[in-house]
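Data first, discussion second: the structure below is written as structure tokens.
In what follows, every chain begins at residue 1, and chains take the letters A, B, ... in the order their sequences are listed.
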There are 2 protein chains.
Amino acid sequence: MRRLTRQRKAVLEVVREAKNHPDAAWIYQEVRKRIPRISLGTVYRNLEALVEEGYLIPITRAGEATRYDANTHPHLHLVCEGCGALVDLEVELPDLLAPARLAHPGVEVRSVEVTYRGLCPECRRALKG
Amino acid sequence: MRRLTRQRKAVLEVVREAKNHPDAAWIYQEVRKRIPRISLGTVYRNLEALVEEGYLIPITRAGEATRYDANTHPHLHLVCEGCGALVDLEVELPDLLAPARLAHPGVEVRSVEVTYRGLCPECRRALKG
DNA sequence: GTGAATGCAAAAGCTTTGCAACCTA
DNA sequence: TAGGTTGCAAAGCTTTTGCATTCAC
């Protein structure tokens with residue numbers, strides 16, 4: 001059975017309180033303020049468990065450490081090509097699963113992950129005036 | 001100026017001939033059949049260059065090596081939760097960029113990447129009969 | 001000829017793992 | 001008390017980098 005330890009609780013809290021999709025190193029640094037003797041390995045093990053349990057969503061990008069998102073209600077991500085920031089976009093979506101389901105009857109589609117690339121408002125202003 | 005070396009040509013050819021989105025290690029192994037003294041570092045440097053030039057698309061997934069896709073016309077990816085395979089889905093898409101553009105006037109959206117998760121036909125049959 | 005690209009090897013991340021001690025249920 | 005979890009440290013993997021040499025243009 002899975003146990004609710006101080007460490008697991010702290011890791012989840014830190015990610016929930018974070019604003020910008022932190023990675024394991026940042027989470028480790030923050031959690032150490034509460035539990036100074038926690039190890040990086042424990043952070044990784046708990047992040048993995050929390051992802052499995054559905055509390056966190058992992059976000060991977062080429063050449064970067066995995067980031068974690070505690071925002072569980074449906075939303076999209078924008079990767080800014082100017083500053084590299086990962087921004088949440090709250091958007092009403094059409095049913096994105098439908099096209100794949102209709103076109104591929106043999107396939108079972110369970111979820112979809114959508115990532116936009118472009119410019120965040122700040123970078124757009126800086127680059128285009 | 002960028003130079004067209006035997007190594008760069010071979011890397012691109014290997015990825016184009018590959019069927020299932022190979023990673024750097026696999027590409028290295030294949031290219032060595034043609035250029036035995038090529039180094040893994042050169043493979044990485046050329047993959048990076050080919051991505052920059054738009055010949056290849058990098059695909060990243062949590063806990064896995066980056067894979068490369070030479071299929072440049074628009075398509076989606078399905079990650080099979082059964083066997084882990086990364087499958088191309090050829091699907092007619094609605095305009096996925098429109099919702100984000102309408103909802104976020106300050107943002108400039110340039111491209112979108114869509115990844116489905118679910119079961120490929122083989123795994124679906126195996127699991128559900 | 002010139003400087004981009006290569007091969008080699010070392011190093012730099014990020015992440016995982018083995019193990020004894022510890023703690024939650 | 002049982003076994004999931006932790007801290008620590010070492011190892012594993014993928015990817016990057018420094019440098020002398022080579023090669024494309």
Side-chain angles (χ1 to χ4, degrees), chain A residues 1-15 18 20-70 79 84 86, chain B residues 1-15 18 20-70 79 84 86:
Chain A
M1 213 198 69
R2 202 146 253 174
R3 291 175 187 174
L4 184 55
T5 60
R6 296 161 56 227
Q7 288 87 344
R8 179 157 310 161
K9 234 191 287 190
V11 167
L12 180 54
E13 281 172 13
V14 162
V15 180
N20 286 56
H21 313 295
D23 61 15
W26 189 94
I27 296 164
Y28 173 53
Q29 182 189 329
E30 284 303 306
V31 175
R32 266 211 296 191
K33 294 177 184 170
R34 309 181 189 187
I35 307 177
R37 298 191 60 75
I38 196 172
S39 74
L40 185 55
T42 295
V43 170
Y44 273 105
R45 279 184 288 233
N46 278 310
L47 287 171
E48 187 188 354
L50 290 165
V51 167
E52 262 178 30
E53 297 167 37
Y55 292 112
L56 298 178
I57 297 167
I59 307 165
T60 58
R61 210 156 45 108
E64 289 196 7
T66 300
R67 302 178 182 201
Y68 296 86
D69 191 345
V79 174
L86 181 61
Chain B
M1 214 197 69
R2 202 147 251 174
R3 292 176 185 173
L4 185 56
T5 60
R6 296 162 53 226
Q7 288 86 345
R8 180 157 309 161
K9 233 190 288 189
V11 168
L12 180 55
E13 281 171 13
V14 162
V15 181
N20 285 55
H21 312 296
D23 62 15
W26 189 93
I27 296 164
Y28 174 52
Q29 181 189 329
E30 284 302 305
V31 175
R32 265 211 295 191
K33 293 178 185 170
R34 307 180 191 188
I35 307 175
R37 298 189 61 76
I38 197 173
S39 74
L40 184 55
T42 294
V43 170
Y44 272 104
R45 278 184 288 233
N46 278 310
L47 287 171
E48 188 188 353
L50 291 165
V51 167
E52 261 178 31
E53 296 167 37
Y55 292 112
L56 297 180
I57 297 167
I59 307 165
T60 57
R61 207 151 54 103
E64 288 196 6
T66 301
R67 303 179 182 200
Y68 296 86
D69 191 346
V79 174
L86 180 61

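Partners of B:Glu64 by salt bridge (Lys or Arg N to Asp or Glu O under 4.0 Å), not counting sequence neighbours, listed by chain and number: B:Arg61, B:Arg67.
B:Val14 and B:Trp26 get closest at one heavy-atom pair: CG1-CZ3, 3.9 Å. The nearest pair of heavy atoms linking B:Ala24 to B:Val43 is O-CG1, 4.1 Å.
Comparing B:Asp23 and A:Gln7 along DNA chain D, the residue whose closest nucleotide (by nearest heavy atom) sits nearer the 5' end is A:Gln7.
B:Arg8 places its CZ atom 12 Å from the P atom of D:dA24, with the value rounded to the nearest Å. Computed from coordinates, the A:Glu64 CD to C:dT15 P distance equals 11 Å when rounded to whole Å. For the pair B:Arg67 CZ and D:dT15 P, the interatomic distance rounds to 12 Å; values are reported in whole Å. With rounding to whole Å, B:Tyr28 atom OH is found 14 Å from D:dT14 atom C1'.
With axes fitted over five pairs at each extremity, the angle between the ends of the helix from C:dG1-D:dC25 to C:dA25-D:dT1 is 50° (10° resolution).
Rounding to the nearest 0.5 Å places OG1 of B:Thr5 at 5.0 Å from CG of B:Asn46. From B:Ile59, atom CD1 reaches atom CG of B:Asp23 across 11.0 Å, with rounding to the nearest 0.5 Å. Taking CD of B:Glu30 as the reference point, atom CD1 of B:Ile27 lies at 9.5 Å (rounded to 0.5 Å). Rounded to the nearest 0.5 Å, atoms CZ (B:Arg32) and CG (B:Leu40) are 8.5 Å apart. Of the inter-residue distances, the one linking B:Ile38 atom CD1 with B:Lys33 atom NZ reads 14.0 Å to the nearest 0.5 angstrom. With rounding to the nearest 0.5 Å, the separation of CG in B:Leu86 from CG in B:Asp69 is 7.5 Å.
Less than 4.0 Å separates DNA chain C from at least one heavy atom of each of the following residues of residues 33-42 of chain B: B:Arg37, B:Ile38, B:Ser39, B:Thr42. Within residues 43-54 of chain A, the residues approaching DNA chain D are A:Arg45, A:Asn46, by heavy-atom distance under 4.0 Å.
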Which pairs, protein N/O on one side and nucleotides 23-25 of chain C N/O on the other, fall under 3.5 Å?
residue, atom, partner, partner atom, Å
C:dT24, O2, A:Arg3, NE, 3.4
C:dT24, O2, A:Arg3, NH1, 2.9
C:dT24, O2, A:Arg3, NH2, 3.3
C:dA25, OP1, A:Leu4, N, 3.4

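Annotation: ring pair (Phe, Tyr, Trp, His ring centres under 6.0 Å) contacts involving residues 35-69 of chain B, sequence neighbours excluded, are absent.
Summarising the local packing, CZ of B:Arg2 is surrounded by more than 12 heavy atoms from other residues, nucleotides or ligands at distances under 6.0 Å.
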- Can you check salt bridge (charged side-chain N to carboxylate O under 4.0 Å, His left out) on A:Arg45 and A:Glu48, steps first, answer last? CA-CA 5 Å; A:Arg45 279 184 288 233; A:Glu48 187 188 354; over 6 Å; no
